[in-house]
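To keep things clear, I will list the structure first and then write my remarks on it.
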Amino acid sequence: MQLTVWTYEGPPHIGAMRVATAMRGLHYVLHAPQGDTYADLLFTMIERRDARPPVTYTTFQARDLGADTAEIFKTACAEAYERYRPEAMIVGASCTAELIQDDPGGLAKALNLPIPVIPLELPAYQKKENWGASETFYRLVRALSGPAPAPGAPRPGAEGRRPLCNILGPTALGFRHRDDVAEIRGLLARLGIGVNVVAPLGASPADLGRLGEADFNVVLYPEVARAAAQFLQKAFGQPMVETVPIGFAATTRFVEEVAALAGIDPAPILAEHGSRLPWYARSVDSTYLTSKRAFIFGDATHALAAARVARSELGFAVVGLGTYTREFAREVRAEAAHHGIEALITDDYLDVEAAIQAAAPEIVLGTQMERHVAKRLGLPCAVISAPVHVQDFPARTSPQMGFEGANVLFDTLVHPLMMGLEEHLLGMFREDREFHDGAAPSHLGGKARAALPEPVTTVTVAVPTAIAWAAEAEKELRKIPFFVRGKARANTERFARERALALITIETLYDAKAHFGR
């Protein structure tokens with residue numbers, strides 16, 4: 001496994017924790033050494049949950065390796081059952097404990113606990129967090145969804161009731177999952193479609209036993225729920241809707257697809273969608289956004305959706321598209337081809353930073369890691385995907401999906417550029433006597449303000465040799481809009497290096513502008 005300061009995904013047992021923490025009545029016994037309990041902080045500090053995850057760690061220490069660590073695991077399982085009395089239990093090993101090969105599944109089975117115990121085999125050195133969540137949910141659904149109906153048999157209670165669906169995929173520590181579920185529930189209710197089970201988020205093991213009662217499944221997050229939905233399709237004959245309703249166009253297609261499966265006319269709902277994104281995108285205030293260069297990186301679901309919204313609904317030019325979710329590399333490469341670019345498939349944030357610099361975008365749409373990269377490069381950034389930090393779990397309802405989610409997404413993508421324009425205008429008029437901090441009192445009266453030190457914008461760009469900037473050149477550089485200032489600085493320094501110039505003057509800046517403008 002690659003060790004780095006930042007990682008896009010944790011090991012697969014973190015994905016299993018996301019599923020266990022999302023559910024009720026499920027407990028996870030994790031064979032792990034002392035120190036692997038750090039994962040609790042992801043949920044209690046970042047997601048701000050009011051309870052720690054339902055996980056029992058064996059927390060064996062180095063001195064235990066010469067004794068019987070298997071017995072430590074069996075004791076932890078028995079004590080977890082006696083203390084928590086869960087409806088079901090999942091058992092597995094962390095990446096470190098995997099090396100001692102204690103077989104948690106076999107050890108738990110030997111205890112003969114009076115509840116379902118589902119063993120997890122999560123290869124920590126080959127797979128990562130999203131795969132771990134997907135595999136855990138699949139194993140739970142396969143074990144707890146009950147026997148498949150006989151071919152041609154009607155669904156339980158189907159006679160005379162309204163259409164029912166399951167919503168699959170939302171987990172704990174998911175990017176806006178809680179708010180997305182609320183939005184999609186409301187949209188389905190307006191269509192007259194009932195929600196049978198939402199899983200994993202908020203579901204119990206008993207709820208998973210009722211999955212087969214639904215007429216179809218809605219897969220909101222394919223990284224987590226596609227494998228489980230494919231199993232239900234095969235075992236219970238339930239069709240699935242995989243259109244992710246992010247953006248106005250995708251939400252419209254989603255409504256049409258679920259309405260077709262339910263035998264409902266979607267026209268009244270589509271006529272009263274309430275989304276302001278289409279009008280805002282065509283408004284005068286937004287026309288300057290046309291063809292803005294956007295670099296997009298994140299999990300596959302959100303990166304693909306953001307690319308389609310940016311291009312088709314906002315008129316951006318997508319100059320970079322990538323994901324760290326290797327299991328969905330094919331879909332991301334296909335989408336990138338539509339934009340005439342090559343997809344970036346990597347889990348190394350330094351590769352992403354280099355790609356951003358090379359693409360010279362005007363806005364970055366990414367994760368919290370791209371937010372830091374963009375800040376260093378002087379670029380506006382909007383967070384559209386996990387991994388995220390505490391500020392991306394707002395107290396307010398802020399969905400990404402559905403028609404209201406389209407409004408939220410418009411604000412998320414556009415406001416950084418609008419604020420960038422405002423900052424540029426302030427910079428342009430910085431020397432104007434009406435705006436200058438040291439200017440004389442205005443016609444409104446009052447005393448002159450004390451002059452404040454002029455802020456200095458620093459953009460770190462790796463260069464093979466040190467190149468100095470003259471004070472006048474730095475001042476002139478600050479007049480360039482901040483969302484392209486990094487590109488201007490990089491081009492000017494490259495121009496100077498090629499000509500062996502040790503000092504960049506105003507003349508050098510203008511010469512570089514003329515050179516790259518040809």
Side-chain angles (χ1 to χ4, degrees), residues 4-10 14-15 17-18 21-22 38-53 129-130 133 170-183 201 220-221 223-224 246-247 277 294-299 301-303 305-306 309-310 322-325 347 349 352-353 356 361-402 404-420 422-423 457 482-483:
T4 182
V5 177
W6 287 340
T7 57
Y8 287 101
E9 294 182 275
I14 301 297
M17 286 184 64
R18 288 174 53 193
T21 305
Y38 71 91
D40 280 13
L41 299 178
L42 298 173
F43 301 90
T44 56
M45 291 183 64
I46 295 179
E47 194 174 12
R48 295 184 288 193
R49 299 183 72 87
D50 58 0
R52 64 176 296 271
E129 181 179 327
N130 277 328
T171 69
L173 207 65
F175 183 61
R176 307 290 171 83
H177 287 196
R178 174 203 64 187
D179 299 342
D180 287 346
V181 168
E183 176 67 16
L201 189 64
L220 290 189
Y221 309 99
E223 288 96 338
V224 175
I246 296 179
L277 185 151
F295 186 99
I296 302 169
F297 191 87
D299 66 47
T301 291
H302 290 92
V309 171
T323 185
Y324 55 82
T325 313
D347 58 4
Y349 71 91
V352 180
E353 180 171 0
I356 291 173
E362 294 165 277
I363 186 171
V364 176
L365 311 177
T367 73
Q368 65 158 330
M369 286 141 76
E370 282 68 51
R371 172 163 51 199
H372 294 300
V373 168
K375 185 176 181 180
R376 285 203 305 275
L377 299 178
L379 296 170
C381 179
V383 174
I384 51 93
S385 164
V388 291
H389 214 291
V390 62
Q391 62 264 49
D392 301 304
F393 288 96
R396 68 186 184 281
T397 301
S398 185
Q400 292 284 289
M401 295 186 177
E404 183 59 28
N407 294 334
V408 173
L409 194 60
F410 176 88
D411 291 342
T412 300
L413 271 57
V414 168
H415 284 176
L417 285 170
M418 300 290 281
M419 295 307 294
E422 179 178 301
E423 180 175 320
T457 302
F482 84 99
F483 42 83

Problem set entry | Atom pair CZ/CD of F175 and Q368 - distance to nearest 0.5 Å | 11.0 Å

Exercise. Looking at CG of D347 and CD of E9, how far apart are the two atoms once the value is rounded to the nearest 0.5 Å?
Worked result: 8.0 Å

Exercise. Which heavy atom of E404 sits nearest a heavy atom of P399, and at what distance?
Worked result: CG-CG, 4.3 Å

For this session: Mind checking ring pair (Phe, Tyr, Trp, His ring centres under 6.0 Å) for Y8 and listing every partner two or more places apart, or none if nothing turns up?
Result: F297, Y324

For this session: Rounded to the nearest 0.5 Å, what's the gap from CD1 on I356 to CZ on F295? Could you check?
Result: 5.0 Å

Problem set entry | I363 CD1 to L417 CG distance, which is reported to the nearest 0.5 Å | 4.0 Å

Problem set entry | Closest approach of P361 to L379 (non-hydrogen atoms, all atoms of both residues) | O-CD2, 3.3 Å

Show which side-chain atoms of residues 380-396 pair as donor or acceptor with protein atoms under 3.5 Å away, not counting sequence neighbours.
from : atom 1 : to   : atom 2 : distance (Å)
S385 : OG     : D299 : N      : 2.8
S385 : OG     : D299 : OD2    : 3.2
D392 : OD2    : R371 : NH2    : 3.0
D392 : OD2    : H389 : N      : 3.3

Problem set entry | Reported CD-to-OG1 distance for the pair E223 and T323, which is rounded to 0.5 angstrom | 7.0 Å

For this session: State whether the side chain of D180 and the backbone N or O of Q400 hold a donor-acceptor pair below 3.5 Å, judged by distance alone.
Result: yes

Problem set entry | Step-by-step side chain to side chain contact (heavy atoms under 4.5 Å, CB included) determination, N130 to R18 | CA-CA 9 Å; N130 277 328; R18 288 174 53 193; 3.3 Å; yes

For this session: State, with a plain yes or no, whether a side-chain heavy atom of R176 is found less than 4.5 Å away from one of E183.
Result: no

Seminar exercise, completed: The reported gap from OG1 in T367 to NE2 in H302 (rounded to nearest 0.5 angstrom) is 12.5 Å

Exercise. Donor-acceptor pair, R49 side chain versus T44 backbone, under 3.5 Å?
Worked result: no

Seminar exercise, completed: G247 and V309 have their tightest heavy-atom pair at CA-CG2, 3.6 Å

Exercise. For M17 and D40, which heavy atoms make the closest approach, and how far apart are they?
Worked result: CE-OD1, 3.8 Å

Exercise. Which heavy-atom pair separates S398 from D179 by the least distance, and what is that distance?
Worked result: N-OD2, 2.8 Å

